[in-house]
Amino acid sequence: MQPGQNKRVKMPERPAQERIKDFNEVALGLSEKDAISEAKRCIQCKNPKCVSNCPVEINIPAFIKLIAESDFKGANKKIRGKNSLPAVCGRVCPQEDQCEKTCILGIKGEPIAIGSLERFAAEYPPSETPVPIKLVGPKVAIIGSGPAGLTCAGDLALKGYQVKIFESLHTAGGVLKYGIPEFRLPKSIVDNEIEYVKSLGVELITDFLAGKTATIEELFKENFKAIFIGAGAGLPNSLGIPGENFQGVYSANEFLFRVNMMKAYKFPEYLTPVITGKKVVVFGAGNVAMDSARCALRLGADKVIIAYRRSRKEMPARAEEIIRAEEEGVEFLLLTAPVEIIPDDAGRVKQVELLKMELGEPDSSGRRRPKALPGSEFKLDCDLAICAIGNSPNPLIPKSTADLKIEKWGGVIVADNKETSIKGVFAGGDIVRGAATVISAMGDGKIAARSIDEMLSKK
Amino acid sequence: MGFKILRKEQLASNIHFIEVDAPRIAKAAKPGQFVVLRINENGERIPLTIADKNIKNGTIEIIFQEAGASTTILSKLKAGDSILNILGPLGEPSHIENIGSVVVIGGGVGIAEIFPAIKEYKAKGNKVTAIIGARNKQLLLTEEKIKNMADELLIATDDGSYGRKGFVTDILKEMIEDKKEINLVYAVGPVPMMEAVSNVTKAAKIKTMVSLNTLMLDATGMCGVCRITVGGQIKFACVDGPEFDAHLVDFKELKTRLSTYRDKEKEAIDHICSLDKIKE
Ligand SMILES: Cc1cc2nc3c(=O)[nH]c(=O)nc-3n(C[C@H](O)[C@H](O)[C@H](O)COP(=O)(O)OP(=O)(O)OC[C@H]3O[C@@H](n4cnc5c(N)ncnc54)[C@H](O)[C@@H]3O)c2cc1C
Ligand code: FES
């Protein structure tokens, strides 16, 4: 392939009919030949627009050049300088809204497949494993082990701080573990990244709920000199319609937690049960909704419908996942909102009542606001309904930390350097932004690590 | 790895006591709080009330009934064995202050869960009457401990094998009929018992708190499986509860939600029984 040429490589995938039978990964990764050929398409802009649209400013043309020159380990090292989770980001970043969106080649043809190339480079970790350093610096506590916490912890350990991560669940990884399913992000990849952070000397404490097991104040008494809060946006928003509490109505968090975190798809070998519906309706059209719909299919549903109150153009999920969901047979019922859940005699969901919508004026988010079409109500049979209409910041830590200032909607308020209203307490990721992205959480973790280092090295 | 069981006793035919090494939880735990534990890699996360704690030894005590697959597996562990994960203390502590005369009611395995509350109500200067009830004498747990702490202990058994024959609500009704001073009722036990208590005190206009045993998963406010309508609003029992004003709780909804996995529970128990057979 020549620089500037238009035809973009397509990553091989397992056929839809095969992949919906199991939870194994859908996308298979690029071959060396395809990766090199795609990398050679890059015109190596002097002023690369892709980099300025990457939340952690990876030097994209540089790593792509190394792939084109077959120096895969070099490419990996180049990315890792800015992004410690390339195998994760290559798989889950919304590239079409970030780096690939501003790729010059995209104006006339197709942008470089930057995400696929990042994922490819991630397969070639440097041969020299980092020697565990003896960490002697001041103690820093990290609350939450999602991408924000892991990134902040890794960066601080590299600077010699004694870092302890406190995680409430029984395993680390945050949404990467309990939310995003195996077929999109294999858990072994997340585990590798966690092992890497541990290999830097970071200590991981699970089963520790900050605010309950010990408060922020108590952690300071344990001689931690700085604290980073990366506790995520774990609180599921509810529909606020009648019938939400009947059996067979799940929050997406509950459904995905059962399936991914507790491996309910292997019940009863794994003891956590999950309702496996034959006719499933999912409300919402973000990544969480796509993941829920595709998990339901893999658990044996005959029909899975995504009901979304806006149109296809406004769907917030990654473009690739929308296409894959459709290939797998997920149906989209657009401009449709739920009004009521209707149960059978035993109190189990039997039907949902829906209402047609039309798009009106743009709202504060710039998306056109849906308006109900009165009299357009209709009913749909289902035996499982999953609500994926968004998550809010977890209120537990703000509730137990007197001086921690939060926004009306629950987000922790931080300055540019990620410091909160409490001195020495920093925060980042979804607990600050509301449900956002992996890469923005990592970017926050990085800035906070730098700020913590500045604060503690001044003393 | 994990949390070591230091002591284990069988209290009745299917009720067990364990004392577990968990210093952080012991230090932080307050009456009314609970833990969520996962026994092993394949295990579920199940909520269990903290029955007592010992800060000096860094231990917590748990009393549980063999009800499903997980509690059956837990009952087979011995002193020296470990539980893989224990998270806690969870939930809002009981709101305990001096209000005068308090009736604390424990039913079934709930009897084992009322001791920390009784102790705290006493510490705040209340007069405490404890009422405990179970199917028979063998199931009356921690009777001595409660007797020594409460001002008065009244007992009912379904079969009349001990105390008076009948239900805890029969005793409560009599107290109300006799115009005994009651400023607050606190009840822990099976849902039908808590509902019955609630009905009695609602008619008599006595404020009543109950501790709800909803289904749980993460128990950190993340999944909403523990949700329950209280006074027309959705609450998460794991973070907003587990204690709520009984007169505002939608018990019918609670019962429906609790029965969600009844068929799966049978399947799980059959599965672990078949594993046991293979071992033998
Ligand atoms: C199903 C799903 C699919 C998604 N898909 C994508 C995608 O494709 N691409 C993308 O970029 N983003 C995606 N996202 C969003 C992305 O996962 C999040 O933005 C990101 O994980 C946020 O990272 P975080 O570190 O802030 O929080 P989290 O990943 O939520 O991690 C927070 C951690 O803190 C722990 N915690 C919470 N409270 C406490 C406490 N009090 N004490 C101790 N620990 C605590 C939690 O258990 C959790 O492990 C998805 C989200 C979901 C739910
Ligand atoms: S148990 Fe998950 S929110 Fe309460």
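Any value given below was found using the heavy atoms of this structure, including those in side chains, with hydrogens, waters and symmetry copies removed. Chain identifiers are assigned alphabetically (A, B, ...) following the order of the sequence lines, protein sequences preceding nucleic acid strands; residue numbering begins at 1 within each chain.
Both the backbone and the side chain of A:L235 have a heavy atom closer than 4.5 Å to some heavy atom of chain B. Looking at A:L256, neither its backbone nor its side chain comes within 4.5 Å of chain B, counting heavy atoms on both sides. B:E265 does not touch chain A: none of its heavy atoms, backbone or side chain, sits under 4.5 Å away. Proximity to chain A (any heavy atom under 4.5 Å) is shown, for B:I46, by neither the backbone nor the side chain.
A distance of 6.5 Å separates CE in A:M262 from CG in B:L217, rounded to the nearest 0.5 Å. Between atom CZ of residue B:R227 and atom OG of residue A:S238 there is a gap of 8.5 Å, rounded to the nearest 0.5 Å. Separation of atoms CD (A:E269) and CD1 (B:I272) is listed at 14.0 Å; rounding is to 0.5 Å. Taking CZ of B:R24 as the start and CG of A:L209 as the end, the distance is 12.0 Å to the nearest 0.5 Å. The distance from the OG1 atom of B:T220 to the CG atom of A:N394 is 6.0 Å, given to the nearest 0.5 Å. How far NZ of A:K212 is from CD of B:E92: 4.0 Å, rounded to the nearest 0.5 Å.
Judged by distance alone, the side chains of B:R257 and A:N245 never bring a donor and an acceptor atom under 3.5 Å apart.
Of the listed residues (B:S259, B:S70, B:A28, B:G224), the greatest number of heavy-atom pairs within a distance under 4.5 Å of chain A belongs to B:S259. By number of non-hydrogen pairs under 4.5 angstrom with chain B, the leading residue of A:R348, A:E222, A:E218, A:K263 is A:E222. Chosen from A:T171, A:V274, A:T206, the residue pairing most often with chain B at heavy-atom distances under 4.5 Å is A:V274. Of the listed residues (B:I25, B:I86, B:I228, B:V35), the greatest number of heavy-atom pairs within a distance under 4.5 Å of chain A belongs to B:I86.
For A:K279, the NZ atom is loosely surrounded, since the number of other residues' heavy atoms within 6.0 Å does not exceed 12. Enclosure of atom CD in A:E217 is not indicated, since only 12 or fewer non-hydrogen atoms of other residues, nucleotides or ligands lie within 6.0 angstrom. In this structure, B:K252 places its NZ atom where only 12 or fewer heavy-atom neighbours from other residues, nucleotides or ligands lie under 6.0 Å away. For B:K119, the NZ atom is loosely surrounded, since the number of other residues' heavy atoms within 6.0 Å does not exceed 12. Atom NZ of B:K30 is surrounded by 12 or fewer heavy atoms from other residues, nucleotides or ligands within 6.0 Å.
Counting heavy atoms from C-beta on, the side chains of B:L87 and A:F208 never come closer than 4.5 Å. Using a 4.5 Å cut-off on side-chain heavy atoms (C-beta onward), B:R45 and A:F257 make contact. Considering only heavy atoms from C-beta on, A:Y178 comes within 4.5 Å of B:M222 through its side chain.
The heavy-atom pair separating B:V239 from A:K399 by the smallest distance is O-NZ, 4.4 Å. When all heavy atoms of B:A69 and A:L271 are compared, the pair lying nearest together is CB-CD2, 4.0 Å. Between A:S251 and B:C223 the shortest heavy-atom distance is OG-O, 2.6 Å. In terms of heavy-atom proximity, B:T256 sits nearest to A:A346 at CG2-O, 3.7 Å.
No side-chain donor-acceptor contact under 3.5 Å links B:E267 to the backbone of A:P268. At distances below 3.5 Å, at least one donor-acceptor pair connects side-chain atoms of A:T213 with backbone N or O atoms of B:G88.
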Residue pair A:D207, B:F3: steps toward the side chain to side chain contact (heavy atoms under 4.5 Å, CB included) verdict: CA-CA 11 Å; A:D207 302 308; B:F3 296 77; 4.0 Å; yes
